[in-house]
Amino acid sequence: MDVRVRNLGGLWVALLLSGLLAGCASVGSVAEPEALGEASPVVPEGGSTDAPGLCAEVSAACAGLDRYLWDGTPIPEVLDEAVVVLQERCQAGVGSGCTALASLRVLGRGVELDLERARTLYVRACELGAGPGCLGAGWMRFHGQGAPATPQLAVADWRRGCDLGDAPSCRQIAGLYHFGNVLEPSPELAVTYFTRACAGGDPQGCEDLLTHYNLRLAERDDAEDDSVRVLPFLEAGCDGGHPLSCVLAGAFAEEGRGRGVDAGRAAALYRRGCEEGEQYGCTLLGMLYERGAGVSENHRRAAEYYVKACEEGNAQGCVSLGVVRLRGRGIAGDPELAREAFETACEMGNSRGCYNLGVMLRDGRSGEPEEAQAAVRFWIGCELGNGQACDALALLYDEGRGVPEDKALAEALHQRACEAGWAKGCYNVAVSFEMAGEERAGSPEALEAYRRGCQGGFGRSCWHLGHRLYAEASESAEVVEALEAFERGCRLEPGRACSRAAAILMDDVRVPRSPQRARRVMASGCEADDAESCLRLGHLYEIGEVVREDRQRARVLYARACGLGEAHGCSRRGAMLLDDPRRRDDGRRLLEQGCARGDDWACERLEGARD
């Protein structure tokens with residue numbers, strides 16, 4: 001089970017990602033002003049949702065209604081029937097069900113348009129821990145929709161939504177601090193909340209940060225980035241007693257944004273934020289204790305921080321708690337409690353929690369396998385943008401496990417996983433093309449899928465890309481691209497890609513011969529038990545090319561190649577043993593074995609030995 005989010009894109013993956021959405025509600029489910037100081041008109045009687053400031057589209061509030069529900073109950077495709085299910089779930093205390101139902105009330109879709117009832121439902125959803133419900137509740141309270149305006153309560157709703165990981169809620173708070181509307185103006189806190197929104201995946205938060213403060217935060221470390229100018233705002237906010245600023249400054253220190261990497265400073269800032277009530281800090285501090293970064297490795301302390309974070313509503317804390325519960329690291333192992341932690345995270349809209357829960361259900365980690373329920377959780381995780389969940393769901397549809405077999409849907413889900421950045425999903429797209437026949441297997445689309453998988457870090461995809469490119473290569477540029485794919489595959493997943501790269505570097509006249517470069521990939525491949533890599537490396541030591549001649553080392557490498565099933569490795573070792581009077585019989589036996597296995601080189605050496 002791939003259960004951790006750390007170190008897959010730095011700050012923008014690890015930092016406070018409790019999930020942008022919980023269930024169907026989305027930013028589009030609740031009207032948001034272009035500037036928070038602007039009023040938004042109330043929907044006129046008669047139910048039209050075309051008025052400015054209100055969502056005129058169903059958006060994510062309804063787009064997924066025919067696909068999933070948050071407790072595992074599929075929602076009927078017919079909207080009227082879906083409303084009944086949502087009502088039941090809301091009454092049962094599922095916050096995301098209340099959120100979706102409120103969105104439908106705002107839109108007047110499937111139910112009578114009722115802003116007062118919608119407001120009540122959003123408030124309940126927020127109380128139940130659904131971040132987008134807090135966004136909706138704050139919006140309606142701020143603008144007096146469904147009841148008189150109560151701006152202070154709106155601020156509280158948005159703060160809770162931000163704490164729950166809803167990035168647009170963070171952006172609303174940022175706007176209040178920026179414009180000085182309801183809250184005292186504070187550039188430090190405005191930048192803090194815009195940064196939180198941007199890091200949480202809200203594009204408008206990134207745009208507002210750029211528009212209002214000329215600060216750009218990049219998704220990748222090598223892109224244009226103004227972290228060095230953002231950091232003083234965060235530090236000023238932290239010194240002013242704002243715990244979220246401390247946690248964000250800690251994340252910058254951990255990732256080396258703005259200044260060099262300083263895990264010790266990150267730990268201190270996370271601890272400060274955690275102690276002052278910012279549960280993101282507790283989760284991230286737990287991760288440092290788990291890895292021993294900036295603090296002494298201590299799995300018990302890590303688990304304690306995860307428990308604290310999860311109990312106080314941090315979804316990523318629940319995911320991490322589920323992981324350590326499952327592994328029994330620093331806390332008593334308990335699959336059932338791990339499942340509960342993942343369920344909590346999933347219900348709060350954390351895609352990783354949904355994926356991990358799906359894996360547990362699929363594999364029966366806390367009871368009998370429940371593949372149909374696993375498929376539902378994978379759907380949710382996939383809808384929330386988790387490529388791994390899309391890929392896992394695709395495999396269920398491909399094999400008809402828990403869901404009807406549907407090859408076309410499986411291929412589409414693999415493609416979706418690829419587009420979401422899950423490299424193995426790209427590889428699986430190409431594999432589905434391979435299964436469809438040679439014509440499609442060699443298509444530009446298949447090559448592009450392998451290419452994306454390779455670039456995304458899935459080594460097997462690099463090997464297949466190199467194999468396809470090399471088979472069709474007619475010019476040196478095409479050989480070079482194939483070589484690069486094999487070398488990348490060798491770095492990512494040492495094995496046969498290493499020996500393929502070595503063969504090109506040593507034997508293909510279309511590229512410059514490079515024994516030194518070949519030696520490096522041979523060594524990586526041999527360490528990973530690739531027989532041909534051991535064979536080729538042994539030959540370098542035998543003849544002393546780019547390494548000092550070492551016949552003993554060569555014999556050891558040939559023996560390893562032989563043991564891994566490479567007949568010519570047996571033959572080469574046998575030929576070397578013929579030179580040792582004490583091992584001549586062993587050498588002849590190995591050559592005979594090689595000859596019997598079809599190695600003509602061994603047969604020739606035997607003939608020479610008889611002469």
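Since this is a predicted model, take the numbers as computed values, not measurements. What's counted below: heavy atoms across the whole structure, side chains too, no hydrogens, waters or symmetry copies.
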Taking [X] for the side chain and [Y] for the main chain, is one N or O donor matched with an acceptor at less than 3.5 Å?
X    : Y    : value
S476 : V511 : no
S499 : R496 : yes
E207 : P203 : no
E290 : A302 : no
Y270 : G286 : no
Y306 : M287 : yes
R300 : G330 : no

> Could you go step by step and tell me if Q455 and R488 meet the side chain to side chain donor-acceptor pair (under 3.5 Å) rule?
Replying inline: CA-CA 9 Å; Q455 291 170 349; R488 181 170 174 79; over 6 Å; no

>> Between R500 and Y470, does the side chain to side chain donor-acceptor pair (under 3.5 Å) criterion hold? Intermediate values first, please.
In response: CA-CA 10 Å; R500 291 299 300 274; Y470 194 70; over 6 Å; no

Can we say [X] and [Y] salt-bridge, meaning some charged N sits less than 4.0 Å from an Asp/Glu carboxylate O?
X    : Y    : answer
R339 : E343 : yes
D225 : R257 : yes
D585 : R588 : no
R468 : E434 : yes
R597 : D599 : no
E399 : R362 : no
K407 : D398 : yes
E448 : R451 : yes
D507 : R536 : yes

> Do R513 and M506 come within less than 4.5 Å of each other through their side chains, counting heavy atoms only?
Replying inline: yes

>> Assess the residue pair N386 and C354 against the criterion (side-chain contact (heavy atoms from CB on, under 4.5 Å)); give the C-alpha distance rounded to whole Å, side-chain angles, the decisive distance to 0.1 Å, and a yes or no.
In response: CA-CA 9 Å; N386 186 291; C354 298; over 6 Å; no

> Going through the checks in order, is the side chain to side chain donor-acceptor pair (under 3.5 Å) test met by Q373 and R377?
Replying inline: CA-CA 7 Å; Q373 294 300 316; R377 273 35 176 237; 3.1 Å; yes

>> disulfide (SG to SG under 2.5 Å), that's the test. Do C526 and C534 meet it? Break it down for me.
In response: CA-CA 5 Å; C526 187; C534 295; 2.1 Å; yes

>> Taking side chain to side chain contact (heavy atoms under 4.5 Å, CB included) as the criterion, tell me which of T283, I331, L337 meets it with L321.
In response: I331

>> Tell me whether the rings of Y427 and H464 are parallel (<30°), tilted (30 to 60°) or perpendicular (>60°).
In response: tilted

